[in-house]
Structure formats: structure tokens, C-alpha cells
Amino acid sequence: MNQKIIIAIDGYSSSGKSTLAKAISKKLKYKYIDSGAIYRSVALFAIQKKIFDSDLWNIRNFIPLLKEINLKFKWNKKHNRTDIFLNEENIQYKIRSEQVTNKVSLIAQIPEIREKLTLMQRNIGKNKGIVIDGRDIGSHVFPKSELKIFIKGSIEIRSYRRYKDLKKRGEKISYEEVKNNLIHRDMMDISRNIYPLKKSIDSIEIDNTFLSIEKQLNFIYQLINKKNNHIII
Ligand code: C5P
């Protein structure tokens, strides 16, 4: 019988990690965990608590509020996906707003928040059989994961893909704004002191600037076959 494994997919913002992770989890019938959605939920909570509304926004005021956060994932039959709930409210759409996107990397720099969210992710993955995407999954959250992939792509292609997605959703935003946000988030994610975005030495890098999703998936399925005698293709 195939042993269940943990597949960690890290990489830059809007590099297509979640598209790959979702497709792989479907194929293997594994759980998909979007760790970015978890960080975004805490950012939304901070916005709701008006943490950013004064110049004095201050970590000490926010940390005690963390215990009020109750996050749950529930299967959404209608849309065939997992939705995230913050204190019983479905926040699947709210966490993708520009407001949250602009604040999430600030939130992700706070050590107490990273500690709490790391424990949460480890708990979800304790029985393996998961595909999880993020920034520090292979290097920190699941350093012993059996397969680690690191995704990168040119800033132009990533910005263009994200711009197209946002336009499709009816957002009023320019290509330049999207590009600036990605550059800013990448910079904050790479340069933060605690568990930054980092390619761990045992991860396999895919530069998808000129690669279709099908080609990336085929490559990853071959890696999975080799890793664990899974025969999936
Ligand atoms: O993946 P996504 O773009 O939704 O992530 C939003 C932000 O959450 C990232 O820019 C990063 O600042 C933070 N994040 C993180 N560690 C993770 C996942 C996301 O710091 N494992």
C-alpha cells in the first residue's frame, strides 16, 4: 500500500503554487492546505479589530487578541472547494481583497503569529496525506516532508497572471499596482528575520516562466512516483 506523504510547495507570490497544489491533492485524494489563506485570515482579523488604524499600530496590542481567533476549514459542496471560516464566518472571498493582500506580509512577520500558525499547520498535517503550499513549509513547518518543491517565475509573468485573475473577478486594479504589490510582498517575505521565504537545499526548483501547468504537473507526478512508489500516472 502507498504510504501517505507530505508534499510541500513553497515559492514566490502568485507563482501558481496553489493551482499545482490543488491539482495534486485532487489526483492523490490528499487534503489541500493553503497556508497563505491562514495568514490572510489573521490579517483580516487584525483589520476587523482596527489594528492598523493608528500610527501606533503595535504588536503588543494585537498579540492578546490572537486567542479570539478560531479558524476552521469546511468543504463547500456547491463550489467543490474548501472554504475558510473565521469565528464561524465564511471569509473565503474577504481574505483575497486588496486590503488584506496589502497587510498580510506585515502580519506574517510577527513571531508569535508564525508560531501559532505553524502549530496549527503541523496539527492539520499530523496524519500526512497533505499537499500544503506557502513560503516556509519545506524549510520550517514540515522540514521532513517527503517531497519539497520550490516554484519561481519572472516577476512579469507572475504579475500578468495575477492581474488577469483579478480582472476576471471584476477588481479595479492596474498591472503596475499588481506588480508593485508582488515585488513588495516578495521583498518582505524574503527579508523577514523569522522563517523567511527560502528554498531549502533538498527541494526541487521549478521555474515556470515558460512552462504550462500540464508540464509542471507531469514533472511533479513523476517525482511522486519515484519518491513513494505511488503509481498515479
Ligand atoms: O500565498 P499567499 O499569497 O496567499 O500568502 C499571503 C502572504 O502570507 C504571503 O505574502 C506571506 O507574507 C504570508 N505567508 C507566509 N508564510 C506562509 C504562507 C504565507 O508568510 N507559509
Side-chain angles (χ1 to χ4, degrees), residues 6-22 25 31-47 52 59 66 69 71 73 81-84 86 91-125 130-143 145 148-153 155 157-159 161-163 165-166 169 171 173 177-200 203 208:
I6 294 180
I7 301 174
I9 305 188
D10 288 302
Y12 290 85
S13 292
S14 290
S15 56
K17 302 180 295 292
S18 65
T19 307
L20 295 173
K22 275 183 214 155
S25 69
K31 238 193 251 176
Y32 164 56
I33 302 164
D34 174 354
S35 69
I38 300 177
Y39 281 91
R40 284 171 180 270
S41 304
V42 178
L44 176 67
F45 179 76
I47 292 168
F52 300 101
I59 299 169
L66 287 177
I69 296 179
L71 290 179
F73 292 93
R81 62 166 195 233
T82 305
D83 284 354
I84 190 160
L86 169 63
I91 51 165
Q92 189 63 19
Y93 289 111
K94 281 190 183 167
I95 56 168
R96 303 284 153 204
S97 70
E98 273 309 291
Q99 208 191 3
V100 170
T101 303
N102 287 334
K103 293 287 185 253
V104 61
S105 296
L106 276 177
I107 286 293
Q109 289 185 324
I110 303 173
E112 287 87 345
I113 293 181
R114 296 206 76 83
E115 258 164 50
K116 184 180 162 89
L117 300 190
T118 297
L119 289 181
M120 183 190 283
Q121 292 163 71
R122 287 186 181 150
N123 193 35
I124 302 173
I130 57 163
V131 186
I132 171 163
D133 69 3
R135 307 292 189 290
D136 60 343
I137 309 299
S139 59
H140 174 60
V141 181
F142 292 111
S145 45
K148 299 179 186 178
I149 312 270
F150 190 87
I151 310 282
K152 64 186 213 179
I155 182 67
I157 197 86
R158 289 187 287 123
S159 308
R161 288 183 197 138
R162 173 129 182 94
Y163 171 72
D165 277 0
L166 290 171
R169 277 197 256 149
E171 301 253 355
I173 192 160
E177 281 170 310
V178 173
K179 187 172 165 185
N180 287 337
N181 173 271
L182 289 189
I183 292 172
H184 183 64
R185 274 203 291 148
D186 283 347
M187 200 193 62
M188 288 185 80
D189 290 342
I190 294 166
S191 61
R192 72 170 162 251
N193 289 331
I194 176 163
Y195 308 123
L197 165 64
K198 197 169 96 186
K199 176 184 174 308
S200 47
S203 68
N208 67 13

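Remember, it's 1-based here, ligands and their atoms both numbered in the order they're listed. Remember, predicted model here, so these are calculated numbers, not experimental data. Basis for what follows: all heavy atoms, side chains included, without hydrogens, waters or symmetry-related copies.
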**Q.** Nearest-contact summary for atom 4 (O) of ligand 1 - protein heavy atom, Å
**A.** R40 NE, 2.7 Å
Q) Which residue supplies the protein heavy atom nearest to atom 12 (O) of ligand 1, what is that atom called, and how far is it? A) D189 OD1, 2.6 Å
Q.
Below 4.0 Å, non-hydrogen atoms only: which portion of Q121 touches ligand 1? Side chain, backbone, both or neither.
A. neither
Q. Tell me: protein heavy atom nearest atom 13 (C) of ligand 1, and distance?
A. A108 CB, 3.8 Å
(Q) Looking only at protein heavy atoms, which one is nearest to atom 6 (C) of ligand 1, and what is the separation? (A) R185 NH1, 3.4 Å
Q) Which residue and non-hydrogen atom of the protein lie closest to atom 1 (O) of ligand 1, and at what distance in Å? A) R135 NH1, 3.0 Å
Q: Please examine the side chains of R158 and D186, heavy atoms only from C-beta on, and report whether any two atoms are closer than 4.5 Å.
A: yes
Q.
Could you identify the single nearest non-hydrogen protein atom to atom 18 (C) of ligand 1 and state the distance to 0.1 Å?
A. S35 OG, 3.3 Å
Q: Using a cut-off of 6.0 Å, state whether more than 12 heavy atoms not belonging to N123 lie near its atom CG.
A: yes
Q.
Starting from atom 16 (N) of ligand 1, what is the nearest protein heavy atom, named by residue and atom, and what distance separates them?
A. R114 NH2, 3.0 Å
**Q.** T101 and R40 side chains, donor-acceptor separation under 3.5 Å
**A.** yes
Q.
Please check if the number of heavy atoms outside K198 that lie under 6.0 Å from its NZ is greater than 12.
A. no
Q.
For atom 19 (C) of ligand 1, what's the nearest protein heavy-atom neighbour? Residue, atom name and distance, please.
A. G36 CA, 3.6 Å
